[in-house]
2 protein chains.
Amino acid sequence: MSDTLQLEKQLCFRLYSVNKAMNRLYAPMLKELGLTYPQYLVMLALWDKPKAVTVKQLGEMLDLDSGTLSPLLKRMEKQALLHRSRSEFDERSVQVSLSAHGKNIRSKAKLIPAKMFAKTGLPLDEFLMLNNKLDQLLTRLSES
Amino acid sequence: MSDTLQLEKQLCFRLYSVNKAMNRLYAPMLKELGLTYPQYLVMLALWDKPKAVTVKQLGEMLDLDSGTLSPLLKRMEKQALLHRSRSEFDERSVQVSLSAHGKNIRSKAKLIPAKMFAKTGLPLDEFLMLNNKLDQLLTRLSES
DNA sequence: TCAAATTAAGTTGCGTACAACTTAATTTGT
DNA sequence: ACAAATTAAGTTGTACGCAACTTAATTTGA
């Protein structure tokens with residue numbers, strides 16, 4: 001009767017699918033900037049801060065560990081999106097800062113959120129509501 | 001003032017984060033069954049069907065292409081979770097069917113959705129509402 | 001003070017995702 | 001009937017995520 005294992009019913013499959021669909025819509029827009037989605041997240045984090053940020057801080061902001069970030073940042077440095085340098089104060093940590101190119105593409109990136117909002121087809125209040133619900137859910141899941 | 005590029009505001013970052021958080025909660029439970037999350041999705045699809053399913057059909061159900069599915073199914077066959085065989089009627093297509101082991105672990109898997117629902121900490125009506133909203137969003141995004 | 005513990009970043013290995021491509025089988029349109 | 005188009009899987013190459021591990025620097029505590 002009520003089979004709990006049905007694919008269509010599962011919240012996490014919805015999240016998985018929506019996440020992939022989002023990614024597919026972002027990909028062509030980001031490609032124009034020479035970015036993947038995780039690289040875009042790094043750029044968002046850097047654009048948001050006036051100063052350089054450590055790899056550890058980036059990891060906290062994006063919830064990614066060094067196993068993901070180290071090669072990702074290395075690729076981004078090779079594309080001249082950012083610089084990396086050992087901290088003078090603590091030789092263990094690495095400072096990540098925007099390159100000129102990295103700063104320049106910000107203006108193009110500013111157009112992206114509005115385009116994506118339009119593609120969701122959601123009225124603003126529903127968009128905000130959904131955002132809030134997901135934020136609550138994230139908090140609960142992180143506590144588990 | 002209202003910077004549209006702020007990480008915290010973006011719906012897609014929420015989806016990205018929640019999706020990862022979900023995955024982390026699933027991982028230890030699925031590890032007991034010897035499954036990854038995408039492998040679990042394949043098993044859900046197979047458990048749901050009385051007969052064998054083609055790779056193409058699996059791809060439609062899970063929204064994955066053969067570039068992802070072929071190696072994934074090959075790994076699952078090696079773990080004796082399922083069988084693969086060329087269709088007699090159309091030699092291009094491959095039939096995927098459950099092995100005895102694949103059928104057996106279903107009973108253990110049945111406990112997972114309830115555990116995950118508990119971990120969301122959401123009341124049932126909110127859980128269903130969120131599920132619906134994401135389903136709507138998926139439809140809109142797929143149309144774009 | 002100085003060995004032990006902790007911390008930050010990086011490396012290795014595995015499993016997705018997906019674009020772009022190849023191969024083989026089937027369908028098609030004349 | 002049969003060449004051209006289409007279709008289903010699979011392969012190759014790139015980029016995440018993350019577990020487990022290594023290395024080097026800093027902190028700690030007896």
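Every chain is numbered from 1 and lettered A, B, ... according to where its sequence line falls, protein lines coming before strand lines.
- If you measure from atom CG of A/Leu73 to atom C1' of D/dA15, you get 13 Å, rounded to the nearest angstrom.
- A straight line from CZ of B/Phe13 to P of D/dG17 spans 11 Å, rounded to a whole angstrom.
- We find the OH-CG distance between A/Tyr16 and B/Asn23 to be 9.0 Å, quoted to the nearest 0.5 Å.
- Residue B/Gln39 has a polar side-chain atom (N or O) positioned under 4.0 Å from OP1 or OP2 of C/dT16.
- Residue order along DNA chain C, read from the 5' end via each residue's closest nucleotide, puts B/Gln79 first among B/Phe89 and B/Gln79.
- Rounding to whole angstrom units, CD of residue A/Glu77 and P of C/dA9 are separated by 14 Å.
- Within the 3.5 Å criterion, the main-chain N or O of B/Leu134 finds no donor-acceptor partner in the side chain of B/Asn131.
- Between B/Tyr16 and D/dG17 there is a side-chain N or O to OP1 or OP2 distance below 4.0 Å.
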Polar atom pairs (N or O), protein with nucleotides 18-24 of chain C, under 3.5 Å:
residue: C/dC18; atom: OP1; partner: A/Arg24; partner atom: NE; Å: 3.1
residue: C/dC18; atom: OP1; partner: A/Arg24; partner atom: NH2; Å: 3.3
residue: C/dC18; atom: OP2; partner: A/Arg24; partner atom: NH2; Å: 3.2
residue: C/dC18; atom: N4; partner: B/Gly67; partner atom: O; Å: 3.3

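- Aromatic ring pairs are classed by plane angle as parallel below 30°, tilted from 30° to 60° and perpendicular above 60°; the pair A/Tyr40 and A/Tyr26 is tilted.
- Taking a 6.0 Å sphere around CE of B/Met29, one finds it holds more than 12 heavy atoms contributed by other residues, nucleotides or ligands.
- Residue B/Lys20 places its NZ atom among more than 12 non-hydrogen atoms of other residues, nucleotides or ligands, all under 6.0 Å distant.
- Distances shown here put a side-chain N or O of A/Ser70 below 4.0 Å from the OP1 or OP2 atom of C/dG10.
- For C/dT11, one of the phosphate oxygens OP1 or OP2 lies less than 4.0 angstrom from a side-chain nitrogen or oxygen of A/Lys74.
- Atom CG of A/Leu72 is separated from atom P of D/dC18 by 12 Å (rounded to the nearest Å).
- Here D/dT11 presents its P atom at 13 Å from CG of B/Leu69, a figure rounded to the nearest Å.
- Put simply, B/Arg86 has no side-chain N or O that comes within less than 4.0 Å of OP1 or OP2 on D/dA8.
- Closest to the side chain of B/Glu91, from the set D/dA8, C/dT16, C/dT26, is C/dT26.
- The nearest whole Å value for the distance from the CD atom in B/Gln95 to the P atom in D/dA8 is 13 Å.
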(Q) Using the rule given for salt bridge (charged side-chain N to carboxylate O under 4.0 Å, His left out), can you reason through A/Arg24 versus B/Asp63, listing the C-alpha separation, both sets of side-chain angles and the distance that settles it, and then say yes or no? (A) CA-CA 12 Å; A/Arg24 284 177 201 150; B/Asp63 192 19; 2.7 Å; yes
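- Taken to the nearest 0.5 Å, the CD1 atom of B/Ile112 stands 12.0 Å off from the CG atom of B/Leu25.
- The phosphate of D/dA15 (OP1 or OP2) has no side-chain N or O of A/Tyr37 nearer than 4.0 angstrom.
- Backbone-only engagement by A/Thr36 is indicated by non-hydrogen atom pairs under 4.0 Å involving sugar-phosphate atoms exclusively.
- A/Glu88 places its CD atom 12 Å from the P atom of D/dT26, with the value rounded to the nearest Å.
- What separates NZ of A/Lys78 from C1' of D/dT14 is a distance of 11 Å, to the nearest Å.
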